[in-house]
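Right, one structure below, let's go through it.
Chain letters run A, B, ... following the sequence lines, proteins first, then strands; residues in each count from 1.
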Amino acid sequence: MTYDFRKIEEKWQKFWAENQTFKAENDSQKEKFYVLDMFPYPSGAGLHVGHPLGYIASDIYARYKRHKGFNVLHPMGYDSFGLPAEQYAIQTGQHPAITTETNISRYREQLDKIGFSFDWSREVRTSDPNYYKWTQWIFIQLFNSWYNKEADKAEDISNLIAKFEKEGNQNVNAVCDEEVLDFSATEWKAFSPKQQQEILLKYRLTYLAETEVNWCPALGTVLANDEIVNGVSERGGHPVIRKKMTQWSMRISAYAQRLLDDLATVDWPQPLKDSQTNWIGRSEGAEVTFKVNGHEEVIDVFTTRPDTIFGVSFMTLAPEHELVSKITTPEQKVEVESYIEATAKRSERDRMADVKTISGAFTGAYAEHPFSKEPIPIWIGDYVLAGYGTGAVMSVPCGDQRDHDFAKHFNIPIPNIFEGVDISEEAYADKEKTIIANSDFLNGLPYKKAVKHVIYELEKLGQGEGKINYRLRDAVFSRQRYWGEPFPVYYIDGMPQMIDQEHLPIVLPEVVKYLPTETGEPPLGNATVWAWDVKKSAVVSNQLIDHKSVFPLELNTMPGWAGSSYYFNRYMDPTNENEIFSKGAIDYWQDVDLYIGGSEHATGHLLYSRFWQKFLFDKGVVPKPEFAKKLINQGMITGTSAFVYFVVARFAKDKQFYIAISKSAWGKVDEVIKKWRNTPPVNEKPFRFSVLNRTHSNVKYVNGSDELDIESFRNDVMNPEFKDAIFIGEKGKVIEDNDDVYIVGREVEKMSKSKYNVVSPDSICEEYGADSLRLYEMFLGPLEQSKPWNTAGISGVYSFLKKMWRLYHGGVEGAFMVTDTEPTADNLKTLHKTIKKVEEDIENFSFNTSVATFMICVNELATQKCNSREVLEPLAVLVSSYAPHIAEELWNQLGHTTSIATAPFPKFDEKYLVESSKEYPISFNGKMRFKIELPVDLSKEEIEAAVMAHDKTQEQLQGRTPKKVIIVPGKIVNIVG
RNA sequence: GCUCGAGUGGCGGAAUUGGUAGACGCGCUGGAUUCAAAAUCCAGUUCUUCGGAGUGUGGGUUCGAUUCCCACCUCGAGUACCA
């Protein structure tokens, strides 16, 4: 009986599916463990070997935890709304739901072949109405909530209304829009219902507001900040411009501080925490109010260096600042307006690419220094960003390099307010060593004291206060797309109304085309049945809209991150129709214990999910403020591209001929050309040769020794020019009848179709089996590191599996043979050191080293000719997390009728590892020179005596007397001198 | 520019608290088996002037450093006028 992986894998995959082996129960007495993979988007391209890396690691961990007696939740589903299916729909007219369905089937097929222990009964899809019902539900909860800073949590909007009715808004400490005016209880009651709604929108956690958004004309939609990379769209790389639009937004800024603080409570990778910290961008400082000479209006600035207030020599406003037009003097009007026009034309990308050019314009207006009362010129400059802080800065050229550059460029004075510092060439930004000078009451103070003092003085004047600013902006939540969750929102008199929860889901309507309408409305504007009848509580035809009982529905859809921000909770009770999940389910499963996925989600998915989790926590829906205790970012698997090097011989009459040159001859191209010129293998003489060039070869034509399968390469339709090419082999001669080999060049590159280095898991499963694939992916290196894929190496783990199979099949003609003979001491030692190492490795997520441990174990047991059940049975369990199919088969042959999945993990016993002697490494000055075998129970003195008496010691010393002998019993002997 | 992370044979990588550097595998070399090939098995495989040297470079701490400290170099990832 040989190791027939195809038969075995098919058999057990079928068994697991039929027996629902990995179904997790919500009412188990066992302790829970929740292992989660990041939600995949089912793309049409299918999986390459890089994709399942994290899934394999999490699967090993999930299977291990089952062996350890846990009730494991290990689900999988699809983030199935998204742009590619919609773009395809625009091009072909095929409904995105169909494209999505096809892609999911393909995806599922690929996943199934790898033998994952997913509980497929819990599968969710974000585009399924039964799922997005709850996405809409959460949206409504957010709409009906406001953020109470006093309690530091989200509360129901009814609380806020009650407060307004009782005492107006003066004493309300909420996170809300900037421009909310104060009103009393009487005034509140006097407002019209519409006015009241407008005010409440400024407090709600999701709100409708005209905001400046990132508009991507090519995609026809707005994008969130994290969807823009280097000033262009993340998907497609299209330009993005700033535009004012009425959009739904999420008040994530309310949670900025908590999102920052709670990072300390989760076991996530430091780089990921760093990038979230960075993205939230907390800075401490002060807001200072400057009066403007001759105007009612004031300019608020945010600064982290209020201690440098006496160094202010000008102010700079963002060109978009609303005060610019009001304060600009008639004389400066032309200059300022032309500057604003010029900056508005520059795209985000231009502005980012070109940060060195200094530009600006003087408004002609002056502000008044809060203390010295001196006039300060007010400039505008595009180095000040409208979206950060107040969009205005107090410019301190001696302490800030950008202000310094600006001042120098426009010949603005640069007063020095630092003791003993030269600021003629560049600004001095060091905080710690700063002593303030030329600053009235701040003279002689160090940074920290000066900050405290100046804030105190500003507060006394009523012109400033200490403030904490965040870079994190509220997240735009509307997308002008078709393939996303519809909002459960209709409009009465322009004011948004929520549809009652009991009528959810509001199902995405059918449209005839997926593009924006001719009037520029989002694709849902094409829907003909898209109006809300409040009497019938149903979606009805647009023709019935009368603004009395039938109203228009929202035309935007939700962004990609809506459905993925809570899916980990929905898995706990995915088919519940009455609740997002039952109390019992969430109380049992609580949160994710291990989350594995890519680092590209650092500032998108992982920040939004934390935000929604905290909101649901505030509302008492979930019991934990963080959804994932531990998170691991798996590294990327890169491809190992193969290159064929060649020169082109050109003839008259536009004819040319390709000559491929093997690796050893790259340096000798001239010789090749010379030889070829003199004795061309074709009838004509070439007149010109190209330089040495190279082209990608498909990696499947290259074997483990980097030899090219020339015939296959010749016949590949991708490179017809090589059809009749000649190949010069390693010996420097033209290859004929396989008398030589052609060696390709290799280079590590990103795995991509265009580089012909994509390897699919299916082809690996077909050739070596899923168990080999799983082992090899782990064997490549540490999970978190990026590493290159090279299929050639897989033969190592494949022969390991065959060897392991033979260990259980030592009978006649490979018949199964495991005996009940007593294991030897060596057998047990091998087994127990393997148990110890594998357990430690899995706990440390060091999966690569346990594969090596398995190999050592099987090699040793094979040498020992071990076929004892007492050893081979626990070995099958050890291996089963990594290579589950072969383990199940062996387990079955060992006589078990139930799955190995819940077999207890073997127990490690120290006693089998106890040795009676130790082979001591003997070092001289720290360098190991030889080893001697000594009993372990020798004292230091006895060891020293034995070592010094040894011939080799004397040989090394050559008559010298050692200065010192270091002895660490059980470890090492080091002789110094 | 800033912030992180990483540099070990031909290649992927190992060395868990400072204690035998190069485990395990690929590739390579030689051999066995075979009519032959595949498969399998055995031996060797960091460099070396055979004294030794050696974990990116230079220094330091230590009896002893891939591991700790300082400076530098290279590569990778993230971020970018954040006041």
With a non-hydrogen cut-off below 4.0 angstrom, is A:Ser923 in contact with a base, only sugar-phosphate, or nothing? nothing
Under 3.5 Å, is there an N or O donor on one side and an acceptor on the other linking the side chain of A:Lys971 and the base of B:rG18? no
From CD1 of A:Ile967 across to C1' of B:rC63 the rounded distance in Å is 12 Å
Determine the interatomic distance between C1' on B:rU16 and the same-named atom on B:rA21; round to the nearest Å. 16 Å
In whole Å, what is the span from the CD atom of A:Glu600 to the P atom of B:rG78? 10 Å
Whole-angstrom distance between B:rU29 and B:rC70, as gauged at atom C1': 45 Å
Flag the pair A:Thr849 / A:Asn844 as yes when at least one side-chain heavy-atom distance between them is below 4.5 Å, and no otherwise. no
Can you check the distance between B:rG9 and B:rU46, where both ends of the measurement are the C1' atom (answer in whole Å)? 5 Å
Counting distance alone, no hydrogens or angles: does the base of B:rU16 have a donor or acceptor under 3.5 Å from a partner atom on the side chain of A:Lys837? yes
Which part of the nucleic acid, if any, lies within contact of A:Asn848, taking any heavy atom under 4.0 Å across all strands shown: a base, the sugar-phosphate backbone alone, or nothing? sugar-phosphate
Relative to the ring of A:Phe800, is the ring of A:Phe854 parallel (under 30°), tilted (30 to 60°) or perpendicular (over 60°)? parallel
Distance check needed: B:rG1 C1' versus A:Glu426 CD, whole Å only. 13 Å
Find which nucleotide of RNA chain B each of A:Gly281 and A:Thr849 is nearest to by heavy atoms, and output the residue with the more 5' nucleotide. A:Thr849
Taking the minimum atom-to-atom distance to the side chain of A:Ile966, which one of B:rU20, B:rC4, B:rC63 wins? B:rC63
Could you tell me if A:Thr830 and A:Gln864 have a donor-acceptor pair between their side chains, going purely by distance under 3.5 Å? yes
Write down the distance between CD1 (A:Ile975) and C1' (B:rC63), rounded to a whole number of angstrom. 11 Å
Which of the following nucleotides, B:rA83, B:rA23, B:rG12, is nearest to the side chain of A:Thr304? B:rA83
Rounded distance in Å between the P positions of B:rC11 and B:rG51: 29 Å
Taking both distances under 3.5 Å as the test for a Watson-Crick or G-U pair, what stems of at least three pairs does RNA chain B have? B:1-7 with B:73-79, B:10-12 with B:24-26, B:27-32 with B:40-45, B:56-60 with B:68-72
Determine the Euclidean distance between corresponding P atoms of B:rU17 and B:rC69; express it in Å to zero decimal places. 14 Å
Send over the distance from A:Arg929 CZ to B:rC50 P, rounded to a whole Å. 16 Å
Report the nucleotide, chosen from B:rG13, B:rG27, B:rA23, that has the shortest atom-to-atom distance to any side-chain atom of A:Ser705. B:rG27
Looking at side-chain heavy atoms only, is the closest gap between A:Val947 and A:Tyr920 below 4.5 Å? no
In terms of the nearest nucleotide of RNA chain B, which residue is placed more toward the 5' end: A:Gln270 or A:Met928? A:Gln270
Do A:Asp841 and A:Phe847 have side chains that approach each other closer than 4.5 Å (heavy atoms only, starting at C-beta)? no
Any base atoms under 4.0 Å from A:Gln785, or only sugar-phosphate, or nothing? Heavy atoms, all strands. sugar-phosphate
Report yes or no: does A:Gln463 contribute a side-chain atom to a donor-acceptor pair with the main-chain N or O of A:Val288 at less than 3.5 Å? no
Would you indicate which nucleotide in B:rC24, B:rU3, B:rG13 comes nearest to any side-chain atom of A:Pro782? B:rG13
Sticking with atom P, work out how far B:rU57 lies from B:rU66, rounded to a whole angstrom. 11 Å
Answer with base, sugar-phosphate or nothing: what part of the nucleic acid does A:Ser846 contact at a heavy-atom distance below 4.0 Å? nothing
What about A:Phe406 and A:Phe314, are their ring centers closer than 6.0 Å? yes
Give the ring-plane orientation class for A:Phe930 versus A:Phe924, where under 30° counts as parallel, over 60° as perpendicular and anything between as tilted. tilted
Is the base of B:rG51 syn or anti, if syn means a glycosidic angle within 90° of 0? syn
Hey, can you tell me if A:Phe302 and A:Tyr388 have their rings parallel, tilted or perpendicular (30° and 60° cut-offs)? perpendicular
In this structure, how many angstroms lie between the C1' atom of B:rG25 and the CG atom of A:Leu775, rounded? 12 Å
Among the nucleotides B:rA80, B:rG25, B:rC26, whichever has the atom closest to the side chain of A:Arg471 is B:rA80
Would you measure the distance from the P atom in B:rG10 across to the matching atom in B:rA80 and give it in whole Å? 40 Å
Write down the distance between CG (A:Asp706) and P (B:rG12), rounded to a whole number of angstrom. 13 Å
Base, sugar-phosphate, or nothing for A:Asn859, non-hydrogen atoms under 4.0 angstrom? sugar-phosphate
Exceeds 12 heavy-atom contacts within 6.0 angstrom, atom CD of A:Gln270: yes
For the CD1 atom of A:Ile842 and the OH atom of A:Tyr882, what is their distance to the nearest 0.5 Å? 4.0 Å
Could you check if the base of B:rG31 is syn or anti? Syn means the glycosidic torsion is within 90 degrees of 0. anti
Which nucleotide in the set B:rC63, B:rC81, B:rA14 lies at the smallest distance from any side-chain heavy atom of A:Arg402? B:rC81
Please report the distance, rounded to the nearest Å, between CD in A:Glu784 and P in B:rC4. 17 Å
With a 4.5 Å heavy-atom cut-off, do A:Ile252 and A:Tyr470 have their side chains touching? no
Contact list please: residues 799-810 of chain A against RNA chain B, heavy atoms, distance less than 4.0 Å, in numerical order. A:Ser799, A:Lys802, A:Lys803, A:Arg806
Nucleotide nearest A:Pro921 (side chain, heavy atoms from C-beta), chosen from B:rU20, B:rA83, B:rG13: B:rU20
When we call it a touch if two heavy atoms are under 4.0 Å apart, what does A:Asn974 touch: a base, just sugar-phosphate, or nothing? base
